[in-house]
Structure formats: structure tokens, C-alpha cells
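Quick note: numbers below take in every heavy atom, side chains included, and nothing from hydrogens, waters or symmetry partners. Just follow the structure's listing: the first ligand is 1, and inside any ligand the first atom is 1.
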Amino acid sequence: MASIEWTHKMSVGVPELDNDHKGLLAVINQLEAHGADEAGQVAVRRSLNWLLRYAQTHFAREQAVLTQCKYPQLSEHIDEHRDFVNWMKETIAAFDESPARATAETRDDLITYLENWWRHHILVEDRKYKSCAQENPTQSSRAAREVRGYDIWWG
Ligand SMILES: [Fe+2]
Ligand SMILES: [Fe+2]
């Protein structure tokens, strides 16, 4: 299965948010390393938990930047984030109900979904706010850094 790599055309113009995106894609790519045996199921479950918490931190950070630059489509963007969080919570609950569902096939479907969601979200939805966030780069970076949480790339 192909992994999803961050490239410059994914840049949203705010280094802190680009770093979050790189970290999120790295977590998704790591899911592929887990096998379908019991140890793999536990590892997938742990990675999903980490991905959810990291995504929630990232969304809060992004929404802080969009609030400070008065992004006109903020409420629609928040809806997209909320839908993803709800989907992740449902997926994790389904895994907890039946860990054996974490077969190689289920895991591959899950990874494909995550790759497609994030590719679309970063390239299409997030890049819509690029010019807004770049109007005042210093304030955008400051707003992003004020939200503390689960960090991989910087802390
Ligand atoms: Fe977003
Ligand atoms: Fe984002």
C-alpha cells in the first residue's frame, strides 16, 4: 500500500500547522506497519487513539488561527473537523467492541479512508484558508502556539 507523504503543495502557509499535518500523516503511515495478529490489533488501537488526540489538538490549533484571521468559512470548517472526530470515536468504539475486526483487510480499508480524508482535507479544505492565515504570519503562528496538547514535531 502506498504511503501518503507531505509535499510543499500541501502547505497552508503556517509552519506550525504544516508540522502538525506532517505528524498526522506520519501516524497514518505507521498504521501499515502493524500486523493482523493480537499484538498488531493492540498497536492499531493505540495508534488510533493517538491519532484522535493529535487530530483534536491540531483542529483546535487550526481553529485558533482561523478565528484570529476572521476566516469567513470557519463554521463550515469546524463542521468538517467535528465529523472526523465523530467518525474516529465510532471507529475506535467498534474496535473496542470487537478487537478481532482489526484484520489486515479492515486495517487496509481504515488506512485508505484516513489517507483519502486527510489528502482531501489538507489539499482542498485547509488550503482554502491559506491567504487568510498568511495575512498576518506572526499572529497566525502565535495563535497556533497558544494551543498546547499532543505534539510530535514541536512542543
Ligand atoms: Fe482543517
Ligand atoms: Fe489541518
Sequence neighbours excluded, which residues qualify as side chain to side chain donor-acceptor pair (under 3.5 Å) partners of R82?
D79
Could you identify the N, O or S atom of H77 positioned closest to the Fe ion (ligand 1)?
NE2
Specify the closest pair of heavy atoms between L123 and K9, including all atoms of both residues, with the distance to one decimal.
CD2-O, 3.7 Å
For R142, which residues count as a salt bridge (Lys or Arg N to Asp or Glu O under 4.0 Å) partner, sequence neighbours excluded?
none
Among the protein atoms near the Fe ion (ligand 2), how many are N, O or S and lie under 2.8 Å away?
4
In terms of relative ring orientation, are H121 and W117 parallel, tilted or perpendicular, with 30° and 60° separating the classes?
parallel
Between W87 and Y113, what is the ring plane arrangement, given parallel below 30°, perpendicular above 60°, and tilted in between?
parallel
Keeping to residues at least two apart or across chains, list the side-chain hydrogen bond (donor to acceptor under 3.5 Å, both in side chains) pairs with something in residues 129-139.
E62-Y129
